[in-house]
Amino acid sequence: MISLKNVTFKWHKNDKKPTLRIAELAVEKGERIFLYGPSGSGKSTLLALLTGINTATSGDVYILNQCLNTQSNTKRDAFRADHIGTIFQNFNLLPYLTPIENVILGCQFSKVRQSQALKHATTLHKEAERLLNALGLIEQYHHKNVAQLSIGQQQRVAAARAFIGNPELIIADEPTSALDANNRESFITLLFEQALHLNSTLIFVSHDESLKPLFDRSIDLTHLQEQI
Amino acid sequence: MILAKLAYKSLLNRRASVFLTLFTIAISVMLLLSIERVRVDAKSSFSNTISGTDLIVGARTGDIQLLLASVFRIGHTNNGVSWQSYEYITNQRGVKWSIPISLGDSHKGQAVLGTTLDYFEHYRFAKKQNLSFNQGHPFLNINEVVLGSSVANKLGYKLGDHIVISHGMGNTSFHHHDDNPFKVVGILNPTGTPVDKTLHIPLAAIDLIHARASTKNDEHDEHDEHDEHDEHDEHDDLIGHPKQITAFLMGFKSPLYTLQIRRNINQYKQEALLGIMPTVTLKELWQMLAIVEKTLQLFSAIVVLVSLLGMLTTLLANLSQRRRELAILRSVGARPWQLFTLISIESLLTTLLGCLVGCALFYLVMYLGAGYLQSHAGISVNIAMLSYYELTLIGVIMVAGFIIGLVPATRAYFYSLSDGMSIKT
């Protein structure tokens with residue numbers, strides 16, 4: 001699923017020390033990984049490599065058996081849109097679209113995800129509704145203004161957007177930092193349900209180690225970097 | 001498709017600033033179209049005023065002054081042409097027809113023109129069109145009058161009405177108990193020229209009015225008798241014995257005569273005369289007005305430019321606010337070129353709507369202003385479909401709007417490359 005070998009990353013060619021050094025990282029399909037580390041430990045950098053926003057300075061990054069560092073920008077864009085769903089820390093919903101429209105947006109720039117979504121339901125609209133319901137956003141909120149939703153509700157919309165079209169890899173970047181402990185756990189449970197249902201791999205990034213026991217496996221980024 | 005939908009929703013979300021941009025564009029389109037329409041129509045009403053006349057002859061003055069006085073009824077000629085000279089010149093070889101005209105009197109602010117029946121036969125306007133009668137027929141007696149269409153409309157005269165025509169250019173009639181008023185026997189069809197605002201009476205009647213005026217003022221019995229005597233004689237003679245006329249129009253059998261006779265007229269020894277070719281003088285006059293025309297065009301171009309720059313400013317200002325929105329779109333899979341397209345569609349949509357609203361405003365203004373322009377400036381504005389030229393203007397604005405939209409679109413393209421998916425709140 002994911003395989004990194006001897007990867008280094010420097011922001012600038014002249015930087016003496018690389019920002020990130022990973023000797024080896026492998027994730028199997030369907031795994032639920034907890035990736036943690038204090039701020040500055042390179043979490044964002046690693047995510048940027050996994051999603052193909054940046055390419056490794058040296059070493060190989062394979063995702064779904066495709067080598068990201070040799071692909072062109074356009075191809076990486078397409079790859080990301082087709083195979084990776086992301087839940088952002090601040091959700092990144094478009095304020096002028098309804099929750100349903102925001103969810104559908106997740107598969108509107110990818111033919112692959114669109115056809116996947118249509119395997120589950122007759123229309124994209126129905127699939128979005130199904131996902132929102134499954135993630136616990138009741139129907140009366142589906143057509144409201146996104147800005148009127150609570151943080152917790154917005155988060156469900158963001159999660160539904162990541163899941164629509166069944167991408168193989170779901171990356172959640174500190175999605176629970178704005179929630180209290182109870183909501184955090186219930187949200188993660190919902191994420192797991194969906195990931196299991198769709199057989200997606202989940203990488204959950206957080207600095208909050210208390211969530212660690214919920215996951216199959218956890219990776220300490222500080223530790224990972226020191227292995228070299 | 002999704003991009004068009006997003007563009008639409010995003011525009012709707014920023015409707016206040018979008019509306020302002022749209023409105024500036026609409027106003028500028030409206031201004032540009034109105035100015036152009038009035039300009040083109042003014043030019044055509046202007047050059048349509050007279051046609052088919054080879055030469056206009058009057059007392060020596062400026063070319064343009066003579067044209068203005070004889071055709072547009074603007075200003076006066078200081079002198080007239082003596083009847084002897086008129087007869088001498090029109091009896092030359094090659095003269096096909098001639099129309100003597102006598103101006104200087106008015107009826108309720110409308111010009112009164114004394115002429116002969118040749119006027120109705122030979123006078124041409126626009127594309128060599130004849131004067132035609134809406135009702136009635138040319139004058140046959142000395143106390144009959146033929147009205148231009150707007151005189152009849154404005155003053156509410158019908159066939160068979162009796163009206164009083166006074167001496168002088170004043171708005172008021174000096175003779176309240178005139179015993180011999182004029183009878184309306186004909187009303188002309190609209191021409192869009194000063195003919196519409198003219199009352200046509202026989203040449204002989206002009207002398208009659210003048211004689212009566214001097215009688216009343218002089219209070220000489222002798223004169224009175226003399227005049228009454230004249231009147232009886234002239235009743236069936238529409239020309240009478242005029243001493244002077246204001247000017248006369250001529251048509252020739254061949255253009256060669258035009259130049260020859262014009263030279264003769266300009267060198268005529270007995271009297272200082274001037275012969276002008278109306279088409280040439282019309283062009284000269286229009287060229288004098290060209291500076292006004294150019295200024296108008298310049299202004300409308302500047303208005304369009306300013307509104308487009310305004311749109312650019314708004315788009316660029318919005319863009320930095322929308323950096324986050326663009327990054328979000330990027331994060332859900334939109335490619336940089338798609339964001340480029342999105343911004344382009346938005347500016348195109350704004351310009352398109354601006355142009356449509358502008359056209360609507362333009363028709364509104366034309367509809368409201370046509371009457372005023374017709375009555376105050378004599379420009380008959382055509383509330384027709386947009387001409388090919390006007391569509392081209394709109395096309396140019398659309399293209400300019402699109403090109404201007406490319407500036408923020410290009411910035412959006414590079415934003416999205418450099419921002420990637422990392423979004424700062």
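Letters go in sequence order (proteins before strands), and every chain restarts at 1.
A:A78 touches chain B through backbone and side chain together, each having a heavy atom under 4.5 Å away. At a 4.5 Å heavy-atom cutoff, the contact between A:E101 and chain B is made by side-chain atoms alone. Both the backbone and the side chain of B:L6 come within less than 4.5 Å of a heavy atom in chain A. Proximity to chain B is absent for every atom of A:R113, based on heavy atoms less than 4.5 angstrom apart.
Within a 6.0 Å sphere centred on OH of A:Y62, other residues, nucleotides and ligands contribute 12 heavy atoms or fewer. Atom CG of B:L12 is surrounded by more than 12 heavy atoms from other residues, nucleotides or ligands within 6.0 Å. By the 6.0 Å contact criterion, CZ on B:F23 is open, its count of non-hydrogen atoms from other residues, nucleotides or ligands being 12 or less.
In this structure, A:F109 and B:R335 approach most closely via the heavy-atom pair O-NH1, 3.4 Å. The minimum heavy-atom distance between B:R324 and A:N90, with the atom names listed, is NH2-O, 4.0 Å. Scanning all heavy atoms of the two residues, the minimum distance from A:A81 to B:G333 falls at CB-CA, 3.7 Å. Closest heavy-atom contact between B:L329 and A:L105: CD2-CD2, 4.1 Å.
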Next item on the list: Report the C-alpha distance between A:N102 and B:V332 in whole Å, list the side-chain angles of each, state the deciding distance to 0.1 Å, and finish with yes or no for side-chain contact (heavy atoms from CB on, under 4.5 Å).
Entry: CA-CA 10 Å; A:N102 263 294; B:V332 294; over 6 Å; no
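Atom CZ of residue A:R161 and atom CD1 of residue B:I328 lie 7.0 Å apart, to the nearest 0.5 angstrom. The NZ atom of B:K5 sits 7.5 Å away from atom CG of A:L97, with the distance rounded to the nearest 0.5 Å.
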